[in-house]
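Each remark here refers to the structure printed beneath this line.
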Number of protein chains: 2
Amino acid sequence: MKKKTTIYDVAEEADVSLATVSRVINGSNVVKKATRDRVLEAIKRLDFKPNQVARGLATSKSTTIAVVFPQSIFARVKDMIGGIGDTGRTLDYSLTMYTTDELGDSNPLEDVIERVVKSRADGVILFNSQDIEKGLELTKQYNLPTAVIGQKTSDDNVCSVYVDAKAIGYDLAKNYLDKGIDDILFVKARQNLIDLNSLHEGIKEAFVEAGKTFEDDRVITTSNEFEQAHNDFANYLDSHQTPRVVIAGYDKEAVAFVQACDDKGVHIPDDLEIIGMVDSTYAIISRPKLTSVHLPIYDMGAVAVRMITKMLNEEEIDERAVCMKHTVVKRDSTKLL
Amino acid sequence: MKKKTTIYDVAEEADVSLATVSRVINGSNVVKKATRDRVLEAIKRLDFKPNQVARGLATSKSTTIAVVFPQSIFARVKDMIGGIGDTGRTLDYSLTMYTTDELGDSNPLEDVIERVVKSRADGVILFNSQDIEKGLELTKQYNLPTAVIGQKTSDDNVCSVYVDAKAIGYDLAKNYLDKGIDDILFVKARQNLIDLNSLHEGIKEAFVEAGKTFEDDRVITTSNEFEQAHNDFANYLDSHQTPRVVIAGYDKEAVAFVQACDDKGVHIPDDLEIIGMVDSTYAIISRPKLTSVHLPIYDMGAVAVRMITKMLNEEEIDERAVCMKHTVVKRDSTKLL
DNA sequence: ATGAAAGCGCTAACAC
DNA sequence: GTGTTAGCGCTTTCAT
């Protein structure tokens with residue numbers, strides 16, 4: 001294992017001091033052109049790659065952002081990974097990946113954040129989840145710049161990117177209420193991109209405005225596991241009157257509901273209309289194709305990274321909680337929308 | 001922003017030298033119990049977190065493994081991320097995430113590896129892809145321990161985890177050939193977990209053994225984009241005789257084919273049998289449910305990390321290319337399997 | 001415009 | 001057992 005070439009080697013090769021080499025690689029413009037060229041050439045000749053670790057120690061910055069993922073989210077966020085990855089690369093930040101598991105028992109968010117702190121990441125990206133509050137407390141305590149995806153929050157050290165979940169719920173419910181339909185079922189499934197509690201609030205609000213109430217028994221909470229969800233829905237349909245409209249927290253569960261309807265001979269969209277969320281491949285695969293709330297996933301990831309870097313560079317931040325625009329993509333599972 | 005507490009602070013607080021503190025946090029067993037306790041207490045009192053960056057500089061190790069992902073893979077590997085994440089955590093390695101895009105043009109693997117080298121990761125995990133050879137050349141050149149997922153390779157500095165794609169192709173084809181069916185179509189789609197070229201080889205081999213040849217026009221290459229694939233298949237069915245068996249490189253494409261059949265009134269599995277790969281949620285969502293080749297995704301991720309750490313610690317490695325067992329999960333899209 | 005030297009926070013010889 | 005000290009590879013004053 002041949003030793004890595006260091007800044008000293010380059011300095012010697014170019015016959016300058018290491019300070020000058022440092023200046024060149026950091027783009028300082030005080031270096032004379034001739035000298036700079038000589039250094040650049042030496043760098044090339046020796047295939048020198050500055051050691052980020054040493055640089056990190058010297059500057060007390062790691063140019064690293066930690067991304068903490070609920071493991072389950074991967075299936076639905078490939079585009080977001082794209083946004084995060086591309087932006088990190090563009091801004092020259094490394095991304096360290098931390099996973100938390102579904103239930104958060106064996107590897108709670110708090111432990112993960114401890115790790116992040118030890119790693120000296122400059123900032124961290126968190127996803128909306130049950131235990132995010134505890135996480136935010138910790139990042140505040142460590143003064144760790146934080147971006148939250150999927151939930152509106154802000155603080156001294158935290159920014160967020162989210163979609164207006166309340167409006168989604170409100171608009172959807174109001175649309176049907178206006179048409180005299182109040183027979184709505186809300187399928188709550190674990191979801192880290194849309195704050196389902198707010199969405200629930202929105203539905204309730206629309207009902208109140210219409211002089212009605214959205215009862216708690218119009219909410220069904222289910223598993224993220226397809227067959228399990230499918231089962232739950234089949235049971236539901238067996239034991240309840242078929243609702244007229246289903247608002248599902250995530251496309252996958254919407255598809256499960258569609259299939260349960262299919263099994264029971266409930267026709268979509270004539271007997272029942274259903275709306276999914278996220279607008280993932282599941283929405284397109286479904287038969288009938290799913291009407292779904294589209295989220296600007298890629299951009300949300302990109303914005304999250306950008307916000308963190310702004311906090312790090314103490315750039316002006318006009319909005320610490322950025323609301324991204326969602327759109328409802330109408331397909332074949334609705335007709336009165 | 002209050003300054004982080006360092007090993008010096010702890011040393012002072014505990015009234016020992018920093019060397020002793022270092023010994024304590026590194027679990028050296030030469031420290032007297034009383035001293036150790038005093039140090040431990042000071043660490044707790046000051047909430048000291050050793051700086052991994054400084055440690056990395058001092059040891060010339062980053063205890064970091066870089067994971068390079070084709071961005072597209074995320075949707076299908078959440079379990080693998082689980083395996084990688086859990087194992088990394090257990091072994092106390094950080095994981096740095098690098099994404100490459102679909103086409104590899106704007107962010108070629110080579111550039112990513114340059115970044116990895118700069119970051120001083122101890123090792124790197126790569127996925128099977130078109131341009132992996134160039135990547136391996138580079139990691140060899142930099143003497144960077146590498147684990148490849150999804151393709152059999154090995155070298156001085158590289159290990160791999162893979163499934164026997166050739167056997168998958170061979171077994172599947174042979175099964176039908178033995179039953180007198182040679183009307184097989186192979187759907188090739190981009191896939192980073194199974195080496196589709198080897199799979200193709202396997203099919204060919206079974207044909208040769210049966211005294212036949214598997215013609216090149218029995219292979220259809222398609223997009224990873226669902227609607228596009230669906231379209232391609234619809235066109236195919238319109239312009240060709242309907243095959244008896246379809247082997248699809250990935251479940252999503254298999255589902256697209258199923259729907260194309262559905263549109264044309266081709267009955268599955270009576271008229272046409274179809275087999276998917278990976279055994280993802282798509283296989284279960286499909287109607288009829290898809291027979292699919294199941295991969296031990298989580299374990300593949302875990303093994304990849306473990307192999308790298310073995311290389312790093314110069315542990316004995318009995319097998320540098322580990323073949324994982326796949327299984328065929330029979331569901332409703334086949335009947336003669 | 002360039003060099004010398006003092007850190008950044010930690011590990012690991014080497015002393016005692 | 002514990003302390004002293006020399007690095008690890010780089011950035012950044014401060015001189016020159």
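Any value given below was found using the heavy atoms of this structure, including those in side chains, with hydrogens, waters and symmetry copies removed. All chains are named by letter (A, B, ...) in the order of the sequence lines, taking the proteins before the strands, and each is independently numbered beginning at 1.
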With no hydrogens and no angle check, just 3.5 Å: does a side-chain donor-acceptor pair link A/Asp47 and B/Tyr142? yes

Taking only side-chain N and O atoms of B/Ser17, does any of them lie within less than 4.0 angstrom of OP1 or OP2 on D/dT4? no

A/Lys33 atom NZ is separated from C/dA1 atom C1', nearest whole Å, by 15 Å

B/Asp15 CG - D/dG3 C1' separation (whole Å): 12 Å

Donor-acceptor side-chain pairing of A/Tyr93 and A/Asp122 below 3.5 angstrom: no

Which part of the nucleic acid, if any, lies within reach of B/Val30 when heavy atoms closer than 4.0 Å are counted: base, sugar-phosphate only, or nothing? base

Nearest-Å distance, CG (A/Leu57) to C1' (C/dC8)? 4 Å

DNA chain C nearest-nucleotide lookup for A/Thr20 and A/Ser60: closer to the 5′ end is A/Thr20

Ignoring hydrogens and angles, state whether a donor on the side chain of B/Tyr298 or B/Asp86 is under 3.5 Å from an acceptor on the partner side chain. yes

Do B/Ser129 and B/Asp131 have side-chain N/O donor and acceptor atoms under 3.5 Å apart? yes

Check ion pair B/Arg38-B/Asp15 (N to O, under 4.0 angstrom): no

With the threshold set at 4.0 Å, does a side-chain nitrogen-carboxylate oxygen contact exist between B/Lys140 and B/Asp156? no

Sub-4.5 Å side-chain heavy-atom contact between A/Thr6 and A/Leu18: no

In whole Å, what is the span from the NZ atom of B/Lys118 to the C1' atom of D/dG9? 15 Å

NA contact type, A/Val16, heavy-atom cut-off 4.0 Å: base, sugar-phosphate, or nothing? sugar-phosphate

Nucleotides 11-16 of chain C: protein proximity per nucleotide (B base, S sugar-phosphate only, - neither; heavy atom, under 4.0 Å): BBBB--

For the side chain of B/Thr146 and the backbone of B/Leu144, is there at least one donor-acceptor N/O pair under 3.5 Å apart? yes

Could you identify which residues of residues 38-49 of chain B place a heavy atom less than 4.0 Å from some atom of DNA chain C, listed by residue number, or say none? B/Phe48

For the pair made of CG in A/Asn51 and C1' in D/dG9, what is the distance, rounded to whole Å? 6 Å

Checking A/Ala304 now: which residues fulfil side chain to side chain contact (heavy atoms under 4.5 Å, CB included) with it, not counting sequence neighbours? A/Ile125, A/Ala147, A/Ile149, A/Val161

